[in-house]
Each structure stands twice: as structure tokens, then as C-alpha cells.
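Accompanying notes for the structure given below.
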Amino acid sequence: MAVPGATASRSGLRSALPLLAPAYLWLTVAIFLPLSAMVFFSFMTDLPLSGKPWAFTLGNYAAFFSQSLYLTLLLASLRLGLEVTLWCVVIGYPAAYVLAKVLKGRSREAIFLLVILPFWSNGLVRIFSWAMVLREGGILDTALNAVLPFKINIDLMYSYPAVIIGLVHSYVPYMVLTCYLTLQAIDDSLIEAGRSLGASRLQVLKRVIIPLSLPGLVAGAALIFVPVVGSFMEPRILGGRTGTFYGTVIEDQFVAVFNWPLGAALSFILLAVVLVILAVAAPVLRRAA
Amino acid sequence: MRMPRLTALLTATAVLTTAFTLAASAAEVHVLNWKGYGADEPWAVQAFEKATGNKVVNDFFNSEQEMLTKIRTNPGLYDVVMINAAFNDQAMSEKLIQPIDTSKLPNYADISKDKAGSPMLDHDGKVYGVPWVWGLTALAINEKSFDKPPTSIAEMWDPAHKGRVIIRDDAVEAVQFGAIATGQNINDIKDMDAVKTKLTSLMPQIKTFWSSENDWNQMVASNQIDIGTYWSGSADRAKTHFKLPVSLVIPKEGAVAWLDAFSIPAGSKNVEGAQAFINWMIDPKFYVEWVTKVGAPVSANTKAVEALPEDAFNRKVMGDPEVAKRIQFQAPITDAQREAYLALWQQLKVDVK
């Protein structure tokens with residue numbers, strides 16, 4: 001996504017300044033300053049807060065490489081991020097297509113409302129309601145056994161699939177919204193032109209619709225992948241004994257042992273890895289588009 | 001037009017805040033404790049306020065680390081803080097708490113001698129913590145799953161309970177539990193490899209980890225677990241207050257014991273109120289009411305325990321000399337040890353994935 005205003009003249013920038021200042025001031029105070037403090041912490045042996053002597057060190061970063069534990073967990077978290085993103089595409093993209101191209105008027109509004117409805121409830125509440133659905137003797141188990149002629153035992157709670165289900169549910173609206181915006185912008189006459197020139201529906205999808213909506217797909221994927229890799233609440237509640245991921249280990253450093261320096265270092269390694277992945281993926285995706 | 005109004009608003013807020021703060025420091029007792037742990041019971045707070053004229057303001061923490069952070073970062077805010085005896089030493093050496101004049105606490109004389117004289121709470125002849133209650137991290141069972149209660153810790157490893165065992169997501173507790181299962185002293189673990197092997201074989205048995213009483217109680221209420229580690233006071237509360245089929249088992253191999261004590265933070269603005277509150281908390285009258293209405297751990301005040309009915313769990317079982325022989329009190333652990341325990345615990349959790 002190129003910034004169209006990058007070549008704007010100086011005078012344009014000056015007149016834009018009053019409009020930009022509040023947002024940038026806020027970003028500086030709310031994001032840049034705490035983040036810099038965390039960078040600072042990550043190079044310290046101990047927090048000055050605890051009244052103990054401290055010094056600068058690289059030891060916190062070295063800790064990541066000295067134990068296989070962190071790398072294993074980071075890979076597990078990246079895999080989780082990929083799987084959740086994939087499921088969000090599989091579920092979200094068709095929904096966005098239907099919303100943008102098939103439904104019109106009232107019914108579109110109603111379906112749209114259903115998509116963004118989860119945003120209005122608290123994330124923790126959503127996760128706990130999944131716990132009621134997924135557990136043995138829970139809503140899903142009881143409902144399926146009431147309908148099916150044979151007895152099945154569904155206990156998805158405290159497993160890897162439960163974490164995937166919870167995360168996909170939380171993040172699929174992002175995919176629907178970003179894809180909807182790009183799909184809606186596609187001129188219907190392009191699709192009609194393709195069809196009238198003899199392309200099959202599948203060919204139109206592959207040659208016209210997907211390439212034109214790729215920016216939305218990529219934006220949605222990035223919006224989902226990044227927070228999922230660092231997620232800790234959903235794995236902890238839904239994952240049970242399989243719910244240890246990179247995010248939960250960072251949380252432990254902050255909450256359980258008060259080792260902020262190590263927690264901060266682990267966070268920045270995650271940030272670096274995610275940025276590298278996005279940087280590598282960007283040109284490939286741009287070429288595809 | 002805008003700016004003066006904003007300034008006025010800000011000034012008004014500042015004045016109001018100052019006024020509130022001034023009024024507050026007069027007769028408020030700020031208490032920092034676990035949520036739902038005695039000090040915030042509405043009936044107790046009401047009675048205390050009526051008797052002494054102090055107003056109680058409760059604040060809560062979710063881990064000992066959070067408690068220390070809160071008193072570090074809010075000097076002068078709290079008047080009473082509940083500190084596990086194993087953390088008292090750290091709080092004292094960081095100068096977060098002040099010595100307590102026990103002559104102002106009439107009930108202090110009734111605290112059992114071994115608790116009141118604990119080297120964890122007394123430093124250089126000064127008292128830095130008033131023992132309040134003690135309890136165990138032992139086993140609790142879902143009564144529906146057992147005909148008769150087990151006696152050994154080995155029950156947790158029984159294949160019959162595979163996928164129906166629960167333990168707390170806490171590195172220190174897990175490692176000390178492993179030490180007991182391998183017959184070691186929890187405060188001086190010689191063979192860490194044995195602990196690791198023992199816990200490794202436990203991991204596949206586990207359904208999930210619990211972090212609050214509520215987790216544990218819900219798992220039993222929906223009949224998803226058979227057995228797990230639990231705190232004695234919580235097991236009592238689950239049975240008395242929530243009417244759940246839970247009972248505590250003190251295994252023959254032993255259990256981890258902890259002692260909770262009240263301290264007064266350095267810079268408290270209402271030391272008199274704090275003393276009155278602590279005295280109220282260790283009073284037999286409060287304790288008996290707490291046990292009967294809600295369920296509680298064992299009081300450090302001998303008179304308070306004697307005020308319970310003969311057959312009360314906290315008197316009959318916890319007061320049993322045979323039990324006293326088996327339990328091991330938690331001593332302070334260093335930050336380095338705590339981090340090592342966490343590394344071990346995280347490794348175990350990763351290996352089981």
C-alpha cells in the first residue's frame with residue numbers, strides 16, 4: 001500500500017500538520033514511549049523498581065538462544081498464526097464475497113451486522129462461552145447426541161483444536177471486513193466482461209476477482225497473523241495442558257516471576273521475527289498482485 | 001472560550017481529588033489482600049467499621065509478585081497488607097514494611113508460639129508480620145469418583161485417572177509438590193532430576209491447569225476431574241459455601257504448608273487503624289464466623305481454633321499432631337531459584353505438547 005501523499009509539497013505538509021498532530025502526539029505518548037521503555041528494560045539485568053543494583057546486559061537476548069524451549073514455542077506460535085489465518089481466509093473470504101456481490105439492501109445490512117456483532121462483546125466473555133460449548137457434556141456434545149442416532153463423545157475443550165476454534169472466531173471478522181472492502185470496489189462490469197468473453201466462473205474468480213481483491217486479503221492476513229502469534233489468553237483458557245505458547249511464556253515472565261527484562265527481550269524477538277516474515281512476504285505478494 | 005472552561009474543570013478536579021485524599025487519610029484503612037480471602041467479607045468489614053469508626057478500603061492482588069509491585073509503586077497508599085511468610089523477608093529487606101508494635105494488638109498474645117516466633121516474620125527482635133492463618137497445599141478429590149478417599153499422593157499417577165487430574169499453574173508449587181512425591185525436603189531439594197522425572201510422568205495425566213478457586217470448583221461441578229492439588233481453605237470453602245462434593249486429603253507422603261501474615265507497609269498513614277484491623281482479623285469471634293459462614297484456613301490464634309466445634313475439620317484434622325509431623329512449611333526462596341523453577345515448569349509444559 002503506497003502512501004499517495006509522500007511526494008506532497010512542503011506547504012501541503014504544513015497545512016496538514018494540525019490534522020496530523022493529535023494522532024501522532026497520541027501515538028508518541030501511548031505507543032512510542034512505553035515501547036522505548038521496554039527496549040531499555042530488555043537490556044537490563046534487573047528492574048530499577050525493585051531497588052536492587054542493575055547493569056546493562058545482552059543476557060536476556062542470549063537466553064532465547066541458549067534454551068531450545070523458546071525456539072520450539074516460537075515455532076509453535078508461528079504455526080498457530082498460520083493455521084488461524086488460513087481458516088480465517090477459508091471462512092471469511094466466501095462470506096465477504098457474498099456480502100459484496102450477492103446480497104443487496106436490507107439483507108446485506110443484516111448479515112453485515114451479524115459479522116461485526118462479536119466485536120461488541122468482551123473477548124474474555126467470548127472465550128468463556130466457547131468453554132461451555134466445547135467441553136464434555138457441554139452444549140455441542142449434548143446437542144449432537146440429541147440429534148444423532150448413535151452415541152458420540154465430544155470433548156474438544158483443553159486441546160489444540162479448541163484454541164484454533166476460539167482464535168478463528170475472534171479474528172474472522174477482520175478478514176471479512178478487509179476482503180469486503182476490496183471486493184466491493186471491483187467493478188461488476190469487469191466480471192461481466194470476463195464472462196461474456198467466454199471465461200468460466202472459476203476462471204473469472206482466478207483471473208479477475210482474486211487478483212483484484214488480493215490487497216484486502218493480505219491486509220486481513222497481516223491483521224490476524226500478528227496478534228495471533230503473540231496471543232496468550234485464548235491458549236491459556238482453551239488449551240489446557242497443551243496451551244503453552246510463546247505468548248503465555250512472555251506473560252509468565254511479567255506476571256509470575258517479575259522478570260520484566262527477559263519478558264521484554266522475548267517480546268522484541270517476536271516483534272523482529274514477525275517483521276522479517278512480513279518483509280519477506282511483502283514483495284512476493286506484491287508480485288502476485 | 002474552550003480553554004478557560006477546560007482549565008476550570010481541571011482545577012475543580014484537582015481540588016476535589018485533594019479534598020478526597022485529605023478526608024480519606026483521616027480514618028480509612030487501605031487493605032491489600034487476595035480477593036474473597038476474609039478481609040473483604042462484607043459482614044466483617046461492616047462490624048469493624050461500626051466498632052472502630054475506621055472505613056475499610058479493599059484492594060486485591062492475583063500473585064505475590066503483583067502484591068510486591070503494588071506496595072513498591074504506591075508508597076503510602078496501603079495501611080495493611082497480607083503477605084505470605086515466605087515473602088516477608090524480601091518485603092522487609094526492600095524496606096516496604098515497618099515493624100509492628102504488638103503491644104497494641106491484644107489478641108497477639110494468643111497466637112501459637114511457633115508461629116509468632118517464626119524467624120520468617122521476626123527480624124532483629126522486631127515483628128514484621130502478624131501470623132493470621134495457615135493452611136496446606138494438599139490434594140482434594142471429587143467425592144463422586146472415589147468410594148473411599150485415597151491416602152497416597154501416588155493416586156495422581158494412577159492410569160485410572162488419566163485426563164482427570166488437575167494441578168495449579170504455578171512453578172514453585174509444582175516443583176515443591178514434586179519434591180514431596182519424591183520424598184524430599186521442599187526447602188532443600190537435592191535431586192532436581194528426580195523431581196523433573198516424576199513431574200514429567202504426571203503431565204499426560206493432567207486435564208488442565210487451574211489458577212483460581214473458581215476454576216477448580218467449576219471442574220468439579222461439571223464432573224470433569226477426579227483429583228488434584230488444592231488449598232485446604234479453598235477445599236473447605238468449596239464444601240461449606242458452594243456445597244460441592246469436594247474433600248481434602250493430606251497424603252501420607254506429606255503436604256506443603258504456608259503461613260499468611262499481616263504487615264503494615266512503610267509510610268502507612270493510619271497505623272492505629274491498621275493495628276485495629278489486624279487485631280480484628282486475628283480475633284476468635286471473626287474467625288469462627290468466617291469458618292461457619294464461608295470456610296477458611298486454620299487460624300494462627302490458638303484460642304480461635306479452640307472456639308471451633310470439636311469435630312471441625314480445622315480443629316480435628318489440621319490440629320492432629322500426626323498431620324503436623326507430615327507437613328513442611330514453605331521457607332523463602334530466592335529470585336534465582338524461582339526463575340529456575342519456572343524454566344523447569346515451562347520445559348515440562350512444552351514437552352507434553
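Note on naming: letters A, B, ... go to the chains in the order of the sequence lines (proteins, then strands), and numbering restarts at 1 for each one.
Around NZ of B/Lys70, the count of heavy atoms belonging to other residues, nucleotides or ligands within 6.0 Å exceeds 12. Other residues, nucleotides and ligands contribute over 12 non-hydrogen atoms within 6.0 Å of the OH atom of B/Tyr37. Summarising the local packing, CH2 of B/Trp258 is surrounded by more than 12 heavy atoms from other residues, nucleotides or ligands at distances under 6.0 Å.
If you measure heavy-atom distances from A/Tyr70 to chain B, the contacts under 4.5 Å come from the side chain alone. For chain A, the nearby parts of B/Ile206 are the backbone and the side chain; heavy atoms of each come within less than 4.5 Å. Proximity to chain B involves both the backbone and the side chain of A/Leu69, based on heavy atoms less than 4.5 angstrom apart. In this structure, chain A has no heavy atom under 4.5 Å from any part of B/Asn62. For B/Gln346, the parts lying near chain A are the backbone and the side chain together; criterion is any non-hydrogen pair under 4.5 Å.
Across B/Pro204 and A/Arg241, no two heavy atoms sit closer than the pair O-NH2, 3.9 Å.
For the atom pair CD of B/Gln65 and CH2 of A/Trp260, the computed distance is 11.5 Å after rounding to the nearest 0.5 Å. From B/Trp345, atom CH2 reaches atom OG1 of A/Thr244 across 8.5 Å, with rounding to the nearest 0.5 Å. The CE atom of A/Met157 lies 9.0 Å from the NZ atom of B/Lys207; values are rounded to the nearest 0.5 Å. Summarising the geometry, atom CG belonging to B/Leu342 is positioned 9.0 Å from atom CG belonging to A/Asn259; distances are rounded to the nearest 0.5 Å.
Interface with chain B: from residues 31-43 of chain A, no residue qualifies, criterion being any non-hydrogen pair under 4.5 Å. Contact residues of residues 122-134 of chain A toward chain B are absent (heavy-atom distance under 4.5 Å).
The candidate with the highest count of non-hydrogen atom pairs below 4.5 Å against chain A, out of B/Thr208, B/Val350, B/Asn223, is B/Thr208. Of the listed residues (A/Asp252, A/Leu73, A/Leu262), the one with the most heavy-atom contacts under 4.5 Å to chain B is A/Asp252. Counting heavy-atom pairs closer than 4.5 Å to chain A, the top residue among B/Ile166, B/Val352, B/Asp170 is B/Val352. Between chain A and the options B/Glu64, B/Glu66, B/Glu339, B/Gln218, the largest number of non-hydrogen pairs under 4.5 Å is found for B/Glu339.
Using a 4.5 Å heavy-atom threshold, the side chains of A/Val249 and B/Lys349 count as separate.
Residues that satisfy the salt bridge (charged side-chain N to carboxylate O under 4.0 Å, His left out) test with B/Asp124, not counting sequence neighbours, are absent from this structure. B/Tyr230 pairs by the side-chain hydrogen bond (donor to acceptor under 3.5 Å, both in side chains) definition with B/Asn217, not counting sequence neighbours.
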